[in-house]
Amino acid sequence: MIGVTFSIKYDATYSERYQKLYEVFRRFGIVKDRTTSCVFLNTEDGAAVKSALYLALDYTKDKAVVFTTFSHTMIDFGVN
């Protein structure tokens, strides 16, 4: 499973970049999407995720961290 945490700068093209970002997430299969800045994807191909995110975001403004998770146990806290 691959995790992605991200920060998108709010500006005139924010909505377009956010939409592209979630298109990438849907393509790789979202497992958990409980916050506004962290998702878990049903893939082991971190390199493909990084490449897709590079095309979706503007790295002069935005940030993303792609990481591999080693446990599939997740616990949610807070309002659903």
Steps toward side-chain contact (heavy atoms from CB on, under 4.5 Å) verdict (F6, L53): CA-CA 10 Å; F6 57 92; L53 291 175; over 6 Å; no
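- Between F67 and V65 the shortest heavy-atom distance is CD2-O, 4.0 Å.
- Here the straight-line distance linking atom CD1 of I2 with atom OG1 of T68 works out to 3.5 Å at 0.5 Å rounding.
- A distance-only check finds a donor-acceptor pair linking the side chain of T5 to the backbone of S37 [under 3.5 Å].
- For V66 against G46, the heavy-atom pair with the smallest separation is CG1-O, 4.2 Å.
- Between the side chains of T43 and D45, no donor-acceptor pair of N or O atoms lies under 3.5 Å.
- Placement of Y59 and L55 in two distinct hydrophobic clusters is found when ILVMFWY residues are connected by side-chain heavy-atom separations under 4.5 Å, directly or transitively.
- Considering all non-hydrogen atoms of both residues, A52 and F28 come closest at CB-CE1, 4.0 Å.
- Shown here is K61, whose NZ atom has more than 12 heavy atoms of other residues, nucleotides or ligands within 6.0 Å.
- The NZ atom of K20 sits 11.5 Å away from atom CD1 of I8, with the distance rounded to the nearest 0.5 Å.
- For Y18 and Y10, the distance between ring centers is not under 6.0 angstrom.
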Hey, mind stepping through F25 and F40 against ring pair (Phe, Tyr, Trp, His ring centres under 6.0 Å) and telling me if it holds? CA-CA 9 Å; F25 293 160; F40 293 92; over 10 Å; no
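- A pairwise comparison of heavy atoms in A56 and V24 identifies CB-CG2, 4.0 Å as the closest pair.
- Considering E16, R17, K9 in turn, R17 is the only one that fulfils the side chain to side chain donor-acceptor pair (under 3.5 Å) rule with T13.
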Could you walk me through whether V4 and V49 pass the side-chain contact (heavy atoms from CB on, under 4.5 Å) check? CA-CA 9 Å; V4 180; V49 172; 4.0 Å; yes
